[in-house]
Amino acid sequence: MSKIFETRMEVRDYECDIEGIVNNANYLHYMEHTRHLFLKACGLSFAEMHAKGTDAVVHRIDIQYKSPLRCDDEFISRLHITKGTLRYTFFQDILRVSDMKLCARAKVELVCLVNGKLADSEDYDRAFKEWL
């Protein structure tokens, strides 16, 4: 995957299940946090956009779990973005730093609701134009 944004994080002990590996739902949190940081890096605030009446909401997620993360593992969360008619598609990877092994890969589709109605967002399009 060609990346346009990445961030580094660390697994916290409470994110692991009884098997000692990261619970599958936490990968969704990692990926969402990465998208929010990307948005910030593009000059937008998720909260400010909501206050203006524009909400980016997840339409669909397809995630593949490849290799587990464990407590205290450091990992890199990367993303790439494309846009269709009304959807932004984020391709996201999570890699363990110690061996750069792919741990999870996802395709996340987002749509925008502008004042409660499905629509394009000029603010998001402008913020992402360099990569679309």
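Every value quoted in this text rests on a predicted model; they were computed, and no experiment measured them. Note that the numbering runs from 1 along the sequence shown for the chain.
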Self-check item: Sequence neighbours excluded - ring pair (Phe, Tyr, Trp, His ring centres under 6.0 Å) pairs with any residue from residues 40-64
Solution: H36-F46

Quiz item: Looking at residues at least two apart in the chain, or sitting in another chain, which of them share a salt bridge (charged side-chain N to carboxylate O under 4.0 Å, His left out) with R12?
Solution: E15

Practice problem: With sequence neighbours excluded, give me every side chain to side chain donor-acceptor pair (under 3.5 Å) pair touching residues 109-121. | Solution: K83-D120

Self-check item: Distance-minimising heavy-atom pair for A127 and L44
Solution: CB-CD1, 3.4 Å

Quiz item: Going through the checks in order, is the side-chain contact (heavy atoms from CB on, under 4.5 Å) test met by M9 and S77?
Solution: CA-CA 8 Å; M9 293 182 248; S77 181; 3.9 Å; yes

Practice problem: Name all residues meeting the salt bridge (charged side-chain N to carboxylate O under 4.0 Å, His left out) criterion together with D99; count only those two or more places apart in sequence or in a different chain, and write none if there are none. | Solution: R96

Quiz item: If you group Ile, Leu, Val, Met, Phe, Trp and Tyr by side-chain heavy-atom gaps below 4.5 Å, do L69 and L102 land in one group?
Solution: no

Quiz item: Mind checking what makes side-chain hydrogen bond (donor to acceptor under 3.5 Å, both in side chains) contact with K101, not counting sequence neighbours?
Solution: none

Quiz item: Which distance, rounded to the nearest 0.5 Å, do you find between the CD of E32 and the CG of L37?
Solution: 11.0 Å

Quiz item: How far apart are the C-alpha atoms of Q92 and R78, what are their side-chain angles, what is the distance that settles it, and do they pass the side-chain contact (heavy atoms from CB on, under 4.5 Å) test?
Solution: CA-CA 5 Å; Q92 295 188 246; R78 294 180 173 166; over 6 Å; no

Practice problem: Report the hydrophobic cluster partners of Y14, with the cluster defined as I, L, V, M, F, W, Y residues connected by side-chain heavy atoms closer than 4.5 angstrom, directly or transitively. | Solution: none

Quiz item: Does any pair with a residue in residues 33-55 pass salt bridge (charged side-chain N to carboxylate O under 4.0 Å, His left out), and if so which ones, sequence neighbours excluded?
Solution: K52-D123

Self-check item: Hydrophobic cluster membership, I63 vs L95, 4.5 Å side-chain cutoff
Solution: no

Practice problem: To the nearest 0.5 Å, tell me how far D13 CG sits from E10 CD. | Solution: 10.0 Å

Self-check item: Residues in salt bridge (charged side-chain N to carboxylate O under 4.0 Å, His left out) contact with R70, at least two apart in sequence or another chain
Solution: none

Exercise. Please lay out, stage by stage, how L79 and F38 fare under the test side-chain contact (heavy atoms from CB on, under 4.5 Å).
Key: CA-CA 9 Å; L79 65 75; F38 172 65; 3.9 Å; yes

Self-check item: From K107 atom NZ to D62 atom CG, the distance as rounded to the nearest 0.5 Å
Solution: 7.5 Å

Practice problem: Mind listing the closest non-hydrogen atom pair of V11 and C16 along with its distance? | Solution: CG1-SG, 3.9 Å

Quiz item: Roughly how far, to the nearest 0.5 Å, is the CZ atom of F91 from the CZ atom of R105?
Solution: 10.5 Å

Quiz prompt | E122 side, atom CD; D125 side, atom CG - distance, nearest 0.5 Å | solution = 8.0 Å

Quiz item: Checking side-chain contact (heavy atoms from CB on, under 4.5 Å) for the pair I76/I94: CA distance, chi angles, key distance, verdict?
Solution: CA-CA 6 Å; I76 294 171; I94 292 179; over 6 Å; no

Quiz item: What side chain to side chain donor-acceptor pair (under 3.5 Å) pairs are there with at least one residue in residues 16-29, not counting sequence neighbours?
Solution: none

Quiz item: Distance from H33 atom NE2 to M31 atom CE, nearest 0.5 Å?
Solution: 13.5 Å

Quiz prompt | For Y124, side-chain hydrogen bond (donor to acceptor under 3.5 Å, both in side chains) partners two or more places apart | solution = none

Self-check item: Closest heavy-atom pair and its distance - T7, F5
Solution: CB-CE2, 4.4 Å

Self-check item: Shared hydrophobic cluster, L39 / L132 (ILVMFWY, side-chain heavy atoms < 4.5 Å)
Solution: yes

Quiz item: Just by distance, do the side chain of E74 and the backbone of V97 share a donor-acceptor pair under 3.5 Å?
Solution: no

Quiz item: In the hydrophobic clustering that connects Ile, Leu, Val, Met, Phe, Trp and Tyr at side-chain heavy-atom distances below 4.5 Å, which members other than L113 occupy its cluster, ordered by chain and number?
Solution: V57, L86, V111, L118

Exercise. Please state whether the rings of Y30 and F75 are parallel, tilted or perpendicular, taking 30° and 60° as the class boundaries.
Key: tilted

Practice problem: Using the test ring-ring contact (aromatic ring centres under 6.0 Å, His included), find all partners of Y88 that sit at least two apart in sequence or belong to another chain. | Solution: F128

